[in-house]
Amino acid sequence: MILINAAITASLFSFLYLFHRRRCCKHPLMRDYPILGMLPSVLFNMWRIHDFCTEILKKQGGSGEFKGPWFTKMHYLITCDSLNVQHMLCKSFDNYIKGPEFREIFKPFGDGVVTADSETWKYSRTILPSSNIGSCTTTRKGGRSSRCLQSLHLQDVLGYDPYCLSIDFPEVAIEKAFNEAEESIFYRHTVPKCVWKLQKWLQIGQEKKMTEACKTLDRFIHARIASKRVELLSKCNENEMGEAHVDLLTALMGQEQAHDDRFLRDDEFNLFVAGRDTITSSLTWFFWLVTKHPLVEAKILEEIKDNFEANYEGVLGIEEVKKLVYLHGALCEALRLFPPVSIERKQAIKDDTLPSGHRVNGNTMILFSLYAMGRCEEIWGKDCLEFKPERWISERGEVVYAPAYKFIAFNAGPRICLGKDLAFVQMKMVAAAILRKYRFQVVEGHSPTPSHSIVLLMKNGLKARIMKRL
Ligand code: HEM
């Protein structure tokens with residue numbers, strides 16, 4: 001009897017398997033199991049998800065379909081084909097939106113510029129002109145690190161937080177909350193919606209962390225808004241407005257919707273994530289790559305020395321860092337190999353065919369891997385996996401231009417990153433200030449791995465020993 005039952009069960013599963021294989025997509029990305037689809041392959045390779053995705057996209061010629069379990073809507077088209085990306089981000093921009101599902105997954109961002117579509121997005125974009133986007137914490141970061149010649153987590157040092165550099169490196173609640181919210185958003189991409197929804201309802205696992213993180217973030221941002229209101233009011237009373245330092249929050253408060261705390265909270269949150277972790281991520285991977293390539297490090301130092309007096313003690317300014325072409329190339333390489341936003345998603349409004357020949361409609365979730373694009377032989381050549389700042393420098397010693405839909409780290413088209421220029425200035429100032437004075441040595445046995453987060457941070461930070469240059 002047991003044998004008969006086993007035989008019936010086995011035949012049923014074989015039938016389901018064969019049936020599913022026949023009806024499954026023409027270009028499956030990975031092994032497609034009955035009922036569970038390709039999800040087991042993803043979960044099995046989660047520890048190296050970005051490299052795994054890069055490998056399979058390469059095998060599939062740049063694009064392929066991912067099918068999740070039968071009972072879910074986890075059906076994605078994944079691509080790293082630069083023509084597809086150019087099509088979605090530039091040529092047919094109006095047809096490709098973030099969509100309501102994106103906003104549901106990215107709930108902590110509210111209706112801010114990163115998640116908004118159409119008119120709301122246009123409005124957010126107009127009130128955040130790139131000239132307004134600026135802050136200056138760089139000098140202090142470069143200066144204060146001289147106090148510590150012990151091992152430290154560089155990633156924490158480079159993130160936003162004035163207390164990160166205190167000798168005992170305390171756990172900073174707001175840092176932790178940002179990281180947990182970003183990890184939870186990533187998690188929501190890897191499990192069926194019903195799973196994370198259930199976890200949210202039961203308040204367990206990653207969703208519990210998300211709720212706690214959102215509470216901390218909301219408290220922090222609302223407190224900032226309240227104290228800024230008091231500050232502006234007192235300045236207004238004392239007629240000092242002309243001298244007020246116009247930071248981003250002050251600029252946002254100058255808008256029509258300044259009385260709306262929700263509007264201020266959403267845009268402030270969006271700018272925090274957009275401008276904080278991206279720079280943290282880029283600099284962390286940059287310093288790690290530089291420590292692994294002493295020749296590159298030597299060339300960066302030589303360039304700084306050639307351009308500025310050897311005994312120059314101050315921090316380089318905006319115009320000065322423009323002269324550092326080799327350093328620019330090294331940062332572009334770090335961004336190419338480790339793009340802080342490693343994956344993006346889009347949804348088509350109307351049916352369309354991508355340049356790769358894939359048909360898409362309103363139900364197709366399209367993911368494009370910025371990480372895989374940075375490692376694509378068709379774009380960067382056979383040496384695409386090498387860290388080579390030289391590829392960014394022309395024979396005339398100028399920075400080589402690469403179209404944004406190929407060098408995708410800052411996105412492309414009308415939604416290109418608003419903080420790109422500022423980011424380069426900040427990164428160059430910090431990198432030059434630190435490298436001129438200090439030498440890094442990664443702590444033995446510490447091998448960085450990308451975190452499971454929407455921003456490509458290092459899972460356990462970058463543990464390094466810092467020594468003063470003689
Ligand atoms: C190395 C640093 C940075 C990188 C790699 C980077 C990358 C990106 C990427 C890939 C996007 C598109 C995200 C998406 O559509 O899902 C984006 C958007 C954006 N970034 Fe950056 N970013 C950086 C720094 C900054 C800074 C410093 C700011 C300003 C504080 C900033 C402000 C923005 C804003 C406002 C958007 C939304 C643009 C829109 O949707 O219209 N970014 N960035």
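Computed from a predicted model, the values in this text were never measured in an experiment. Note that these values count all heavy atoms, side chains included, but never hydrogens, waters or copies made by symmetry. Whatever order the structure lists them in is the order used to number ligands and atoms, beginning at 1.
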*Just which atoms of ligand 1 are under 4.0 Å from any heavy atom in Trp121?*
39 (C), 40 (O), 41 (O)
*Atoms of ligand 1, numbered as shown, that sit under 4.0 Å from any heavy atom of Val341*: 10 (C)
*Heavy-atom distance to atom 35 (C) of ligand 1: which of Val425, Leu331, Val113 wins?*
Val113
*Could you list which atoms of ligand 1 come closer than 4.0 Å to a heavy atom of Pro340?*
5 (C)
*Using the ring of each side chain (for Trp, its six-membered ring), is Phe410 parallel, tilted or perpendicular to Phe407, with breaks at 30° and 60°?*
perpendicular
*Give me the ring orientation class for Phe424 and His328: parallel if the planes are under 30° apart, tilted from 30 to 60°, perpendicular past 60°.*
parallel
*Under 4.0 angstrom from ligand 1, any heavy atom of Gln426?*
no
*Compute both the distance and the angle, then confirm whether Arg265 meets the cation-pi test with Phe269: under 6.0 Å from the six-membered ring centre, within 45 degrees of the axis.*
yes
*Side chain, backbone, both or neither: which part of Lys420 has a heavy atom under 4.0 Å from ligand 1?*
neither
_Please compare Cys417, Ala409, Ser282 and report which has the shortest non-hydrogen distance to atom 10 (C) of ligand 1._
Ala409
*Does the ring of Phe338 carry Arg375 above it, NZ/CZ under 6.0 angstrom from centre and within 45° of its axis?*
yes
*Near Leu418, which atoms of ligand 1 are under 4.0 Å from a heavy atom of that residue?*
20 (N), 33 (C), 35 (C)
*asked:* With a 3.5 Å distance limit and no angle check, can you tell me whether Lys428 reaches the backbone of Val321 through a side-chain donor-acceptor pair?
replied: yes
_Please classify the Asn411 to ligand 1 contact at 4.0 Å (heavy-atom distances, strictly less than): side chain, backbone, both or neither._
both
*Short side-chain to backbone donor-acceptor contact, Trp121 and Gly112, under 3.5 Å*: no
*What are the atoms of ligand 1, with element, lying closer than 4.0 Å to any heavy atom of Glu344?*
10 (C), 12 (C), 14 (C), 15 (O), 16 (O)
